[in-house]
Amino acid sequence: MWSRETTPFMSVAKAVASSCSIPIYFTPMEIESDNGEKSLCVDGGMLSNRPDFISKERPNYFQTISFKLDLKKSDTGNLFAYLNALVNTIIYGADHLQHETFGVEEETFGKHQVNEVAIDTGDISATDFSRLDPPTVDRLLNAGKYGMRRFVSDVDKLLLDGSMNYAVTPRRILTDREQMYNQVAFWSYDSYTSIIVADRNFDWVWPMFPTLVSWINQGTSVRVFYDKEYVGENDESQNAKKRLAESVGCRVEAVEPGKLIEGFFLATESYYKCVVFEEKKVGDEDMAFKGKVYNDQVDSRFIRLLIDRLVEERTTDGMALGKIVLEKTDVEEIFKGLKQVEQYADAKFELREVSLSELRFLKDTIRSLKYKELRHIQYLYSEADVNEYMPANLILNGKKSLMTPVIVEDIEGLGMVVIKGNARCMKSHKEKKEKILAVVVSGGKNIDGKIKLYGIGDLRLSEHKNRGSANLGEGLFRGVDQALRPNSNYLR
């Protein structure tokens, strides 16, 4: 298995060519590793035609669906037909053995780690290149549609009769908060009647804020429970986040220490979804996190019991403060706030469009959570009829919350380095835009000219937080958010 992380020496072109190299039909690819070792590589289907086992270690939002091509027996009347049948036996036979013996975890329903969709390809094999005329292609496409319809029909029956021959909903174990936030953000593509967030404090508010805004603007009742032991009256950071949750329309309530069931609970009129988690301190600083996903009708009764235990009052009415809207603000308000950033005391600021192609980034990964949530921000700009990413405030219960714009530092020797707004830059690039509106900072405190930077084409989504070069301690941190929204007077 090749990836950017484990085999950075491998070019995409050679990886694809190797994956196409079916023995007998195509010449193997000679690959040289970074240590000079050479090897011949052929199609990975020789060992694993459906490598769905990789989903075991990667974020799985809902369920994994694996498409299996069922082939009829091949003719072996001549040498070429025999070799063709031999290759197909290796490909399809190994696939059958792997999926018969695949391990099953406690969190998985049924026999398989994944949901298998069988597609009848008749007598067309993986090596029948010359037989793929338009009528055959249409027949194969129809076979795929039929196989998927049959699978969906079977799953519907399984949900009704309680049989668990399929992995209807794999129970997903989450290992950090970022995975949990991604799970909830993914669920939030659907609408809900009520949502409960139960966490010991309010650290979830900032990373989930765009999603929270979308819940409120859809008319969803949102209740927030927190452990009163963890949020003291003098904790400015936590109380600023608490005021934010209250200002958008959440009903916020304290829970006695030790009685909080931590999780995100999402309800519709007919079913519930939730992530239940626990977080314990390990050592002086590290926190051990473990979360579990429950997300189908089989789980709904269990989730209802958890909610009943958490919510002593059976009402789920929110505060209903009205829709959250965006309004354009004077760019000078942004500049005034940025002057409070230590590195920008003597800097100059300018609001202008910058070319995405000339931008440089401190890391090559973008938090997929932030990328998902951008659709909520874009919607607010569209509703307000304001040009995308213009300096703006969110109006929360009559109070204003300044939004952080895209911030770029113009640094001699390094060029245009993005400090804030990586996800917005990537999304604009994916939408085929050439420029983005940003606050350009010049004359600030310089950073190490030898630091590694990336271009817009290098960016990729990641399920994990990664501060990239900022982790090197090169003096890259800028307290921009705190300068624009200081905890001491935020939303007071």
Using salt bridge (charged side-chain N to carboxylate O under 4.0 Å, His left out), reason through Lys427 and Glu431 one step at a time and then give a plain yes or no. CA-CA 6 Å; Lys427 192 147 187 19; Glu431 292 170 350; 3.3 Å; yes
**Request:** Please lay out, stage by stage, how Tyr272 and Arg304 fare under the test side chain to side chain donor-acceptor pair (under 3.5 Å).
**Result:** CA-CA 7 Å; Tyr272 298 86; Arg304 179 71 253 183; 2.8 Å; yes
What verdict does the side chain to side chain contact (heavy atoms under 4.5 Å, CB included) test give for Thr211 and Tyr181, after you've listed the backbone C-alpha separation in whole Å, the side-chain angles of each residue and the deciding distance to 0.1 Å?
CA-CA 10 Å; Thr211 295; Tyr181 295 153; over 6 Å; no
| Under the side chain to side chain contact (heavy atoms under 4.5 Å, CB included) criterion, do Ser428 and Leu356 qualify, and how do the steps go? | CA-CA 8 Å; Ser428 296; Leu356 290 167; 3.9 Å; yes
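Between the side chain of Thr7 and the main chain of Phe9, no donor-acceptor pair closer than 3.5 Å is present. Thr220 places no side-chain N or O within donor-acceptor distance of the main-chain N or O of Ile216, the cut-off being under 3.5 Å. The backbone N or O of Ile395 sits nowhere less than 3.5 Å from a side-chain atom of Asn393 that would complete a donor-acceptor pair. Remark: side-chain polar atoms of Asp203 are not paired, donor with acceptor, to backbone N or O of Gln238 under 3.5 angstrom. Using a distance-only test at 3.5 Å, with no hydrogens or angles considered, no donor-acceptor pair links the side chain of Tyr226 to the main chain of Val197. In this structure, Asp176 contributes its side chain and Gln179 its backbone to a donor-acceptor pair below 3.5 Å.
Looking at Glu236 and Ser488, their side chains never bring a donor and an acceptor atom within 3.5 Å of each other. Remark: the Thr193 side chain and the Glu269 side chain contain no N/O donor-acceptor pair separated by less than 3.5 Å. Side-chain N/O atoms of Glu373 and Gln378 include no donor and acceptor closer than 3.5 Å.
Listed by first and then second residue, the salt bridge (Lys or Arg N to Asp or Glu O under 4.0 Å) pairs that reach into residues 178-202 are Arg177-Asp199, Glu178-Arg367, Asp190-Lys273, Arg200-Glu262, sequence neighbours excluded.
Lys145 pairs by the side chain to side chain contact (heavy atoms under 4.5 Å, CB included) definition with Asn142, Arg149, not counting sequence neighbours. The ring pair (Phe, Tyr, Trp, His ring centres under 6.0 Å) search around Tyr371 returns none, not counting sequence neighbours. Every residue two or more places apart in sequence or in another chain was checked for a ring pair (Phe, Tyr, Trp, His ring centres under 6.0 Å) with Phe265, and none qualifies. Evaluation of the side chain to side chain contact (heavy atoms under 4.5 Å, CB included) rule for Ser382 yields no partner, not counting sequence neighbours.
Phe349 has its side chain within reach of Leu338: a pair of non-hydrogen atoms, C-beta onward, lies under 4.5 Å apart.
Glu246 and Lys242 are joined by a salt bridge, as a carboxylate oxygen and a charged side-chain nitrogen come within less than 4.0 angstrom of each other. Using a cut-off of 4.0 Å between Lys/Arg side-chain N and Asp/Glu carboxylate O, Glu253 and Arg251 are scored as salt-bridged.
A cation-pi contact links Arg375 to Tyr189, judged by a cut-off of 6.0 Å to the six-membered ring centre and 45° from its axis.
Classification of the Tyr389-Tyr381 ring pair by plane angle, with boundaries at 30° and 60°, yields perpendicular.
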List the atom pairs, with distances to 0.1 Å, where a side-chain N or O of residues 398-426 and a protein N or O form a donor-acceptor pair under 3.5 Å, not counting sequence neighbours.
| residue | atom | partner | partner atom | Å |
| --- | --- | --- | --- | --- |
| Lys399 | NZ | Leu491 | O | 3.0 |
| Lys400 | NZ | Glu327 | OE2 | 3.2 |
| Ser401 | OG | Tyr490 | OH | 2.5 |
| Thr404 | OG1 | Asp481 | OD1 | 2.8 |
| Thr404 | OG1 | Arg485 | NH1 | 3.1 |
| Glu409 | OE1 | Arg478 | NH2 | 3.3 |
| Glu409 | OE2 | Tyr344 | OH | 2.6 |
| Glu409 | OE2 | Arg478 | NE | 2.7 |
| Glu409 | OE2 | Arg478 | NH2 | 3.4 |
| Lys420 | NZ | Asp481 | OD2 | 2.7 |
| Arg424 | NH1 | Thr404 | O | 2.9 |
| Arg424 | NH2 | Thr404 | O | 3.4 |

